[in-house]
Protein chains: 2
Amino acid sequence: MDIVEISKVLSNKTRVNILKWLKNPELNFPPHQDIDHFDDGVCVGFIQDKTGLSQSTISTYLNSMQNAGLVIPTRHGKWTYYRRNESVIKTYIEALKTSL
Amino acid sequence: MDIVEISKVLSNKTRVNILKWLKNPELNFPPHQDIDHFDDGVCVGFIQDKTGLSQSTISTYLNSMQNAGLVIPTRHGKWTYYRRNESVIKTYIEALKTSL
DNA sequence: TTTACATATCTAAATAAATAGATATGTTTT
DNA sequence: AAAACATATCTATTTATTTAGATATGTAAA
């Protein structure tokens, strides 16, 4: 859990939005066709549509978020689903509260 | 209080360190000569010495931290003292906890 | 077993951040 | 009033980030 690395992720409006949206997938994304739940998160395409940015940009964003530990990817067939990593998010905020 | 702007400040090791050091000025900096307290914070020169970066870089850093609301400057003669803005720091962490 | 599709990675261009030297500004001292 | 000093701002260079198009990879469907 690297404070600077995570702060870098949060220093971009789109990436902050993605994290916020993933808190409530039912509310922020259309339902998936192959699976009837959001337990493993949301597929890249839905996130891309919502942001309006290019596919490669969103893939890069999600990769940096994953490297920072903020999201967890799960592959379902040809789709990759991303969900929040609540424990890392919580640990980060705790670290700010105590060490900052 | 802008989450993205504050996160940008925190996405740099030196700036995070400055904020941490300012939590305990007596512990992290030599005593001031003209005033016998740290109530208004620490002068730029001390901060610069501690980081080893150039005067202009530290001045720029402190300016960006001030713009984000994280620190408060006070002029004492020819020195400018910087101290933490605890309420903004607290509000930022609270905002992360609720909105993130 | 091609073809189509979703996502990842590569490459490149534009923009922003980091950093320091030089100079300007404001303050104090002589 | 001039010299000295602390900090701020300006200018320029290097490095990182943003972003998208092109291409590669992995999976599923025809």
Side-chain angles (χ1 to χ4, degrees), chain A residues 2 4-19 22 25 29-35 38 40-68 70-83, chain B residues 2 4-19 22 25 29-35 38 40-68 70-83:
Chain A
D2 181 348
V4 169
E5 189 182 9
I6 291 185
S7 297
K8 257 179 205 161
V9 169
L10 301 182
S11 70
N12 175 288
K13 182 79 175 151
T14 300
R15 290 188 299 254
V16 170
N17 281 337
I18 292 172
L19 272 181
L22 288 180
F29 300 97
H32 287 129
Q33 46 186 17
D34 287 7
I35 52 173
F38 283 103
D40 288 329
V42 178
C43 70
V44 179
F46 283 2
I47 298 172
Q48 192 209 325
D49 289 347
K50 185 122 179 158
T51 60
L53 293 174
S54 77
Q55 189 267 320
S56 70
T57 298
I58 294 307
S59 190
T60 303
Y61 277 9
L62 289 168
N63 184 256
S64 74
M65 294 166 79
Q66 179 193 342
N67 285 338
L70 289 168
V71 295
I72 300 166
T74 309
R75 190 108 203 203
H76 277 251
K78 45 184 172 177
W79 295 276
T80 307
Y81 294 75
Y82 284 90
R83 68 180 190 278
Chain B
D2 181 348
V4 169
E5 190 183 7
I6 291 184
S7 297
K8 256 177 205 161
V9 168
L10 301 182
S11 70
N12 175 288
K13 182 80 175 150
T14 300
R15 291 189 297 255
V16 170
N17 282 337
I18 292 172
L19 272 181
L22 288 179
F29 300 97
H32 288 128
Q33 45 187 17
D34 286 8
I35 52 173
F38 283 102
D40 288 328
V42 178
C43 69
V44 179
F46 283 2
I47 298 171
Q48 192 208 325
D49 289 349
K50 186 122 180 158
T51 59
L53 293 173
S54 77
Q55 189 268 319
S56 69
T57 298
I58 294 308
S59 190
T60 303
Y61 278 8
L62 288 169
N63 185 255
S64 74
M65 293 166 80
Q66 178 193 343
N67 285 339
L70 290 168
V71 295
I72 300 167
T74 309
R75 189 106 203 203
H76 278 249
K78 46 186 171 176
W79 294 277
T80 307
Y81 294 76
Y82 284 90
R83 69 180 190 277

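Bear in mind the structure is a predicted one, so any value in this text is a computation, not a measurement. Proteins come first, then strands; the chains are lettered A, B, ... in the order of their sequence lines, and each starts at number 1.
In terms of modelled atom types and a separation under 3.5 Å, the side chain of A:Arg83 and the main chain of A:Phe38 share no donor-acceptor contact. Although no hydrogens or angles enter the test, the distance criterion places no donor-acceptor pair under 3.5 Å between the side chain of A:Ser59 and the main chain of A:Ser56. Between the side chain of B:Arg75 and the backbone N or O of B:Gly77 there is at least one donor-acceptor pair closer than 3.5 Å.
Put simply, CD1 on B:Ile35 is 14 Å from P on D:dA6, counting in whole angstrom units. Across the protein-nucleic acid pair, B:Gln33 atom CD and D:dC5 atom P stand 12 Å apart, rounded to whole Å. One interatomic measurement links the two molecules: NE2 of A:His76 to C1' of D:dT27, which rounds to 14 Å at whole-angstrom precision. Here C:dA17 presents its P atom at 13 Å from CG of B:Asn63, a figure rounded to the nearest Å. When the P atom of D:dT18 is taken as reference, atom NZ of B:Lys8 falls 8 Å away, rounded to whole Å. Rounding to whole angstrom units, CG of residue A:Leu62 and P of D:dT18 are separated by 14 Å. The nearest whole Å value for the distance from the OH atom in B:Tyr81 to the C1' atom in D:dA6 is 10 Å. Between A:Leu10 atom CG and D:dT17 atom P there is a gap of 14 Å when expressed in whole angstrom units.
Of the residues in residues 54-61 of chain A, those placing a heavy atom less than 4.0 Å from an atom of DNA chain C are A:Gln55, A:Ser56, A:Ser59, in numerical order.
Using a 4.5 Å heavy-atom cutoff, the side chains of A:Ile58 and A:Val44 are in contact.
Among the heavy atoms of the strands lying under 4.0 Å from A:Leu53 are primed sugar atoms or P, OP1, OP2 only; no base atom is included. At the heavy-atom level, B:Phe46 lies nowhere under 4.0 Å from the strands shown.
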*Carefully, step by step, assess A:Leu53 and A:Tyr61 under the rule side chain to side chain contact (heavy atoms under 4.5 Å, CB included).*
CA-CA 11 Å; A:Leu53 293 174; A:Tyr61 277 9; 4.1 Å; yes
_What verdict does the side chain to side chain donor-acceptor pair (under 3.5 Å) test give for B:Asp40 and B:Tyr82, after you've listed the backbone C-alpha separation in whole Å, the side-chain angles of each residue and the deciding distance to 0.1 Å?_
CA-CA 7 Å; B:Asp40 288 328; B:Tyr82 284 90; over 6 Å; no
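Note: A:Tyr81 and A:His32 have perpendicular aromatic rings, judged against thresholds of 30 and 60 degrees for the angle between ring planes.
The side chain of A:Tyr82 lies closest to C:dA8 when the candidates are C:dG26, D:dT7, C:dA8.
Side-chain N/O atoms of B:Asn12 include one lying less than 4.0 angstrom from OP1 or OP2 on C:dA18. For the OP1/OP2 pair of C:dA6 and a distance below 4.0 Å, the side-chain nitrogens and oxygens of A:Arg75 include no atom meeting the criterion.
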